[in-house]
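Indexing begins at 1, ligand by ligand and atom by atom, following the structure's order. Hydrogens, waters and symmetry mates play no part in the numbers below; they use all other heavy atoms, side chains included.
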Amino acid sequence: MTRETWATRAGFILAAAGSAVGLGNIWRFPWVTADNGGSAFLLVYLGIVLLVGVPGLLGEFVIGRGGKKSPVGALRDLSGSSAWGLWGVFYVVTAIALISFYSVVGGWILRYFGESALGLAGARPAYFAAPGQYFGGAAAGLDALGFHLLFLGLTALVVYAGVRRGIELGTKVMMPAVLALLVGLAVWAGTRPGAAEAYAFYLSFDLETVRANFFDVLAPAAGQALFTLSLGAGTMITYASYIDEDRSLPFDGTVIAVLNTLVGVLAGLVVFPLLFSLGVDPSQTAPGPGALFVGLAGAFSQLPAGALVATAFFGVVVLAALSSSISMLEIPVSFLVDEYGLSRRRAVALVTGAVVVTGGVCAINPTIAGTAVFGFVAGPLVDTLLTAGLTAVLIFVGWVMGRDAVAEFRSGAGGFSAALATPWLLATGVALPIFLLFTLLTTFG
Ligand code: PHE
Ligand code: NA
């Protein structure tokens with residue numbers, strides 16, 4: 001059986017951008033930012049996106065396009081060492097950890113979308129009455145479990161349909177819809193009273209705070225930067241493995257990083273004016289995963305056409321989340337297909353079955369040894385796995401592939417970007433791994 005490929009170049013870019021743009025931009029970003037001192041965090045985060053994110057993205061692309069297999073097969077074949085193949089399994093595990101909590105949040109979102117849409121039919125969305133209490137119920141027990149299964153089921157359907165007919169076709173529809181709706185919402189939010197204050201809050205950088213907190217925000221900022229670009233999980237290796245023809249990886253990588261940042265900024269331009277227009281100070285709302293659902297959901301309830309705005313907003317988030325969750329599920333699926341010759345159908349069934357359980361635990365969210373599972377998986381665990389995962393990718397590119405990585409980088413690239421190949425390799429093999437290992441140490445130290 002020949003391996004699947006993307007049908008078009010735009011297909012690859014949209015699928016990868018679809019993976020990057022997700023809950024990370026809209027849901028995780030505000031609460032991680034709020035937890036880590038706001039604007040100080042933002043600046044460090046943007047710096048890491050640019051200086052580590054883009055070269056890292058290219059590292060994963062080079063491995064994926066060069067190896068033409070799932071992370072396990074690509075790392076093994078390119079290095080000729082089964083130890084690297086074994087390390088590839090690390091990405092499969094990371095992907096399972098990711099989708100386990102992601103699908104739970106996806107479920108909450110799906111529920112809020114459904115509730116809001118009911119509002120279009122005349123019924124008042126249930127969460128309008130008491131947002132805090134409503135979220136408490138939605139995020140617990142069988143409610144959370146049920147919607148987790150629903151969201152996971154949707155994800156599995158898309159992945160089951162295949163690289164071209166599922167992922168590519170799906171993201172081709174989802175991504176433009178996300179962009180168009182967000183631009184519309186941001187323009188509308190800009191007309192709300194309090195928008196000017198919101199922009200000032202959101203876009204003002206306080207250099208002094210950055211300096212004072214630099215080392216405290218380094219690890220969470222790096223974690224968030226990797227998370228938002230889908231780095232360190234093997235996603236971008238997997239997606240790049242389906243590239244058929246020659247194309248400029250630096251160009252594609254830049255487009256993807258810019259699109260992802262644009263959506264993040266746009267999301268802020270929607271969220272903050274809405275909160276400010278109702279006199280909610282975002283830095284005063286309780287930090288944590290519920291921030292968006294409680295603060296923003298409460299804001300919707302007080303708007304003139306609240307149900308309509310909420311439907312558009314949660315619609316955006318559902319699409320963004322789905323185009324990311326499929327990219328997580330695809331990693332273990334491609335591993336089973338490539339390594340064990342399983343049919344896509346079987347592979348999807350197996351992986352989905354596993355995530356029913358692991359995600360179910362995140363949904364129920366028991367406290368083990370004094371730590372609530374959900375917050376641990378969604379925060380420190382995933383951050384650490386992604387940082388370790390990307391560090392290994394960079395070391396592999398710099399020290400195992402070396403000159404081959406430069407050749408892969410240059411192939412299909414035009415003049416300017418080809419000239420960047422050697423500086424990129426140096427940064428990738430030396431500076432960035434040191435930086436990432438350092439941030440890992442600050443997490444534990
Ligand atoms: N980038 C996605 C987001 O921002 C999350 C993601 C992480 C997807 C890692 C795939 C791999 O929501
Ligand atoms: Na993202």
Donor-acceptor contact below 3.5 Å, side chain Ser334 vs main chain Ile331: yes
Aromatic contact, Trp108 with Phe151 (centres under 6.0 Å): no
N/O donor-acceptor pair under 3.5 Å between Glu330 side chain and Thr238 backbone: no
Numbered atoms of ligand 1 (with element) below 4.0 Å of Thr228, judged on heavy atoms: 1 (N), 4 (O)
Proximal atoms of ligand 1 relative to Ala20 (non-hydrogen, under 4.0 Å): 1 (N), 2 (C), 3 (C), 4 (O)
Val21 N/O under 3.5 Å from ligand 1 N/O: no
4.5 Å side-chain heavy-atom contact, Phe313 and Ile26: yes
Under-4.0 Å heavy-atom contact with ligand 1, by part of Ser19 that carries it: both
N/O separation below 3.5 Å, Ser327 to ligand 1: no
Short N or O distance, Thr235 and ligand 1, threshold 3.5 Å exclusive: no
Any donor-acceptor pair under 3.5 Å from Tyr91 side chain to Gly389 backbone: yes
Proximity of Phe61 and Phe409 rings by center, below 6.0 Å: no
Ligand 1 atoms in contact with Leu98 (distance to a heavy atom under 4.0 Å): 9 (C), 11 (C)
Gly24 neighbourhood, listing ligand 1 atoms whose heavy-atom distance to it stays under 4.0 Å: 3 (C), 4 (O), 12 (O)
Pair Ser19, Ser327: side-chain N/O donor-acceptor within cut-off below 3.5 Å: yes
Phe227-ligand 1 polar pair, N/O distance under 3.5 Å: yes
